[in-house]
Number of protein chains: 2
Amino acid sequence: MRDATLRDVAELAGVSARTVSNVVNGYAAVTDHTREKVEKAIKELGYRPNVLARNLANGRSGQIAVVVPFLDVPYFSELLQVIIPHARERGYHVLIDQTDGDPTHERELIRRGARAVLFDGMIYSPLGLAQDDLAESDPTFPLVLLGERSSNAFFDHVGIDDVVASREATAHLIGLGRRRIAAIGDQPYPTGEAAQLRTLGYRQAHADAGLPVDESLIIQAQRFTRADGAAAMRALLDRDDPPDAVFGYNDPVALGALHEVLERGLRVPEDIALIGYDDIEEGRYSNPAISTISPDKDAIATTAVDRLLKRIGSTEPLPGIEVRASHRLIARQSTLGRAAGR
Amino acid sequence: MRDATLRDVAELAGVSARTVSNVVNGYAAVTDHTREKVEKAIKELGYRPNVLARNLANGRSGQIAVVVPFLDVPYFSELLQVIIPHARERGYHVLIDQTDGDPTHERELIRRGARAVLFDGMIYSPLGLAQDDLAESDPTFPLVLLGERSSNAFFDHVGIDDVVASREATAHLIGLGRRRIAAIGDQPYPTGEAAQLRTLGYRQAHADAGLPVDESLIIQAQRFTRADGAAAMRALLDRDDPPDAVFGYNDPVALGALHEVLERGLRVPEDIALIGYDDIEEGRYSNPAISTISPDKDAIATTAVDRLLKRIGSTEPLPGIEVRASHRLIARQSTLGRAAGR
DNA sequence: CACACTCTTTGCAGCGCTGCAAGCCGCCGC
DNA sequence: GCGGCGGCTTGCAGCGCTGCAAAGAGTGTG
């Protein structure tokens with residue numbers, strides 16, 4: 001059986017289709033009497049508005065897209081966990097896309113996004129996207145960027161100050177007396193701007209302490225996975241002069257490295273201290289629990305949604321703003337040892 | 001500037017709108033000559049089809065919804081990681097919703113889903129939903145259930161055999177000589193059918209071995225988180241007669257328990273052996289790495305999508321089928337100790 | 001009692017696309 | 001040379017809803 005339409009309801013209630021629409025949307029003032037009639041008819045027919053038709057008619061889709069490189073990266077799923085309900089409260093559904101970090105796919109999205117009528121705006125966490133690619137995007141399309149990239153004049157950008165945070169993480173290790181600190185996760189190529197900011201912070205911390213940087217301790221990682229962290233650590237431990245501390249550019253990398261260290265029978269933090277980045281739940285339950293940089297995820301998620309909706313709601317393009325969420329360093333057993341206590 | 005429409009393209013190319021539509025969709029045969037003209041016009045105007053209008057016109061949305069209780073449960077994000085690209089290859093976008101395990105929200109979805117024109121079908125992993133609630137759903141709505149629930153005549157159901165898998169997990173511990181095996185995750189109430197299947201397997205394994213079950217070792221858990229696992233373990237270790245092994249109903253629970261055990265200075269597996277369920281990546285990198293039941297996630301994800309699309313494509317309702325994906329037990333250090341090697 | 005004004009309700013047109021069925025055209029066979 | 005046929009192309013109508021502007025109903029005022 002065909003679903004009931006607005007017109008069906010109108011007919012049954014003896015009013016015009018437009019009035020039914022008004023009742024449903026609470027638009028114009030409607031007499032109590034009329035409203036009751038209409039509501040009765042709606043109930044009787046089990047009418048539900050056709051979202052598609054509504055969207056087509058008013059040119060909005062009621063959906064926002066959230067694009068992340070990898071869904072199984074805990075940081076992203078934890079963020080989505082906040083974004084989805086927050087968007088729902090504001091009347092938006094969330095469409096999720098995953099780029100697998102594929103630059104072609106990412107570029108595609110950012111360029112054609114503007115025309116995709118499927119969603120009204122996009123929250124985007126680019127990975128393999130160079131700054132230049134952003135320039136090609138339609139500046140009138142509501143877009144909020146997540147992560148470490150600096151915004152341009154057209155889009156908003158929400159994230160923490162990665163340079164400062166990375167400097168703090170490194171300084172924490174230096175403060176513990178470590179002198180051979182490895183950095184795992186550098187990406188010294190155009191699409192690795194995010195990683196480069198962390199490397200910059202790492203360097204700054206060394207400079208602050210008047211320490212030299214051993215370039216050979218800066219290790220690259222492609223995808224920031226546990227496997228990447230473990231592989232990098234393996235190489236580091238095979239050297240004659242292994243490090244005495246590790247700064248992982250995200251928690252999975254640090255956790256992968258941790259796994260490798262323990263696997264070799266070394267002690268953490270006595271032999272090697274480790275710190276990660278992102279404060280995913282997993283890191284609170286690893287053994288030992290890992291120290292990390294904790295970004296204010298709630299703030300990032302809600303701010304991103306709010307900014308996006310503001311952009312969507314605005315008729316003329318808003319200038320891009322840069323939102324800095326707060327972060328803090330959480331020291332746990334992987335740097336403090338048993339002293340970290342519970 | 002307004003986006004170009006089909007009609008704009010038609011005008012520029014000097015053909016009818018319908019022909020442009022044919023070119024775009026590759027429907028009817030079109031002369032090479034005409035096609036070229038149209039394609040040129042499309043490029044010139046930067047035309048992109050309006051998905052909303054298309055959907056409204058042909059009554060399909062090209063979107064499927066995937067509903068999970070919690071996005072930050074690694075098992076679900078790993079599953080989505082497979083579902084999303086697989087659906088995309090088949091021309092579908094994935095809309096993700098998260099119920100937070102809220103029964104009201106879940107019931108709402110299942111009941112009204114049929115009418116939600118936003119998506120053509122739904123893959124659903126219910127949590128707080130009793131079997132009865134399913135009966136209220138519209139049997140003509142394409143729906144595939146994930147997880148442990150047994151299907152009814154109207155929906156498909158994809159999952160592994162939880163009873164068998166749980167029996168194997170428990171038997172593994174028994175085979176190691178353990179006799180006081182705790183089970184963490186039971187949910188002895190109507191919405192906990194999934195958990196109950198695991199408890200059943202646990203009991204069967206004991207029966208198989210001629211061992212009695214100590215009911216006090218069956219611990220409940222609400223949400224299957226690391227925190228739940230840790231809390232349950234804490235209580236178990238505070239007893240005078242702590243267990244010598246633990247079967248966690250999913251990996252996070254097992255990992256939370258593991259954390260607590262190590263925190264107390266006990267050895268794994270010497271003092272307490274642990275096994276989890278789901279084989280999330282995290283468990284391969286924990287210290288020690290945890291043994292687990294590994295469901296064939298690829299098969300589950302792709303089968304679920306394929307079945308759903310088949311249902312969507314079929315004019316008359318298909319009878320519900322039960323798909324059993326395979327699983328295997330992966331023994332790692334948390335039960336085998338160092339012997340598990342690398 | 002006519003008129004201005006406000007509050008409700010209405011009809012129309014159209015969002016951009018596709019299903020349908022008819023129309024057109026050139027070519028083949030007899 | 002004519003009817004028939006198959007391959008391409010077209011026009012129409014309509015998916016279900018909302019923006020817009022105007023009509024209708026009701027009220028108060030001079």
Side-chain angles (χ1 to χ4, degrees), chain A residues 1-39 41-42 45-63 91 112 114-120 315, chain B residues 1-39 41-42 45-63 91 114-120 313 315:
Chain A
M1 193 198 62
R2 212 180 90 265
D3 278 0
T5 74
L6 249 200
R7 224 179 304 275
D8 297 333
V9 176
E11 200 166 323
L12 180 61
V15 298
S16 77
R18 200 61 188 74
T19 297
V20 176
S21 170
N22 286 336
V23 171
V24 172
N25 297 290
Y27 275 177
V30 177
T31 341
D32 285 351
H33 175 68
T34 320
R35 164 169 298 109
E36 275 163 30
K37 274 195 308 187
V38 172
E39 280 170 351
I42 288 179
L45 295 174
Y47 167 76
R48 298 214 61 217
N50 180 318
V51 189
L52 241 39
R54 171 182 300 169
N55 293 343
L56 177 60
N58 68 18
R60 302 174 347 103
S61 76
Q63 296 189 139
R112 323 196 82 184
R115 299 271 178 47
V117 207
L118 219 49
F119 40 87
D120 301 329
T315 42
Chain B
M1 191 199 62
R2 213 180 89 266
D3 279 358
T5 74
L6 248 200
R7 224 179 304 276
D8 296 334
V9 176
E11 200 165 325
L12 180 61
V15 298
S16 78
R18 200 60 188 77
T19 297
V20 177
S21 171
N22 287 336
V23 171
V24 173
N25 297 290
Y27 275 177
V30 176
T31 342
D32 285 351
H33 175 69
T34 321
R35 165 170 296 108
E36 275 164 29
K37 274 195 309 186
V38 173
E39 279 170 353
I42 288 178
L45 295 174
Y47 168 75
R48 298 215 60 216
N50 180 319
V51 190
L52 241 39
R54 172 182 300 169
N55 294 343
L56 176 60
N58 68 17
R60 301 173 347 102
S61 76
Q63 296 189 139
R115 298 271 178 47
V117 206
L118 219 48
F119 40 88
D120 301 329
T315 42

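All heavy atoms count here, side chains included; hydrogens, waters and symmetry mates do not. Proteins come first, then strands; the chains are lettered A, B, ... in the order of their sequence lines, and each starts at number 1.
- One can place CD of B:E11 at 16 Å from C1' of D:dT10, the figure rounded to the nearest angstrom.
- Atom CG of B:N50 is separated from atom C1' of C:dC17 by 8 Å (rounded to the nearest Å).
- Contact of the A:K37 side chain with the A:D32 side chain is not registered, since no non-hydrogen atoms from C-beta on lie closer than 4.5 Å.
- The backbone N or O of A:R7 lies less than 3.5 Å from a partner atom in the side chain of A:T5, making a donor-acceptor pair.
- Taking every side-chain heavy atom of B:A57 into account, C:dC17 is the closest of D:dG16, C:dG11, C:dC17.
- Judged purely by distance below 3.5 Å, without hydrogens or angles, the side chains of B:R18 and B:N22 pair a donor atom with an acceptor atom.
- Looking at B:L6 and B:P49, their side chains never come closer than 4.5 Å, going by heavy atoms from C-beta outward.
- A heavy-atom distance below 4.5 Å is not found between the side chains of A:T34 and A:V23.
- One atom, CG of B:L52, and another, P of D:dT18, lie 13 Å apart when rounded to the nearest Å.
- Put simply, A:S21 has no side-chain N or O that comes within less than 4.0 Å of OP1 or OP2 on D:dC17.
- Regarding contacts with the backbone of D:dT10, a side-chain N or O of B:S16 is found under 4.0 angstrom from either OP1 or OP2.
- The separation between A:R54 atom CZ and D:dG16 atom C1' is 10 Å, rounded to whole Å.
- In terms of modelled atom types and a separation under 3.5 Å, the side chain of B:S61 and the main chain of B:Q63 share a donor-acceptor contact.
- Between A:N22 atom CG and C:dT10 atom C1' the separation is 10 Å, expressed in whole Å.
- One end of the helix from C:dC1-D:dG30 to C:dC30-D:dG1 points its axis 50° away from the other end's axis, with each axis taken from 5 pairs and the angle rounded to 10°.
- Distance A:D32 CG to C:dT9 P: 10 Å, rounded to the nearest Å.
- Under 4.0 angstrom from either OP1 or OP2 of D:dT10 there lies at least one side-chain N or O belonging to B:T19.
- Residue-level contact check: B:R18 touches the bases, meaning some heavy atom is under 4.0 Å from a base atom.
- To the nearest angstrom, P of C:dT18 lies 9 Å from CG of B:N55.
- Following rounding to the nearest Å, A:R7 (CZ) and D:dC15 (C1') show an atom-to-atom distance of 10 Å.
- Mapping B:L56 and A:N58 onto DNA chain D via the closest heavy atom, the residue that lands nearer the 5' end is B:L56.
- As judged by a 4.0 angstrom heavy-atom cut-off over every strand, B:T31 is placed among residues touching the sugar-phosphate backbone only.
- A heavy-atom distance below 4.5 Å is not found between the side chains of B:R60 and B:N55.
- Applying the 4.0 Å criterion to OP1 and OP2 of D:dT9, one finds that B:T34 has a side-chain N or O inside that range.
- For B:V15 and A:L6, each mapped to the nucleotide of DNA chain D holding its nearest heavy atom, the one lying further toward the 5' end belongs to B:V15.
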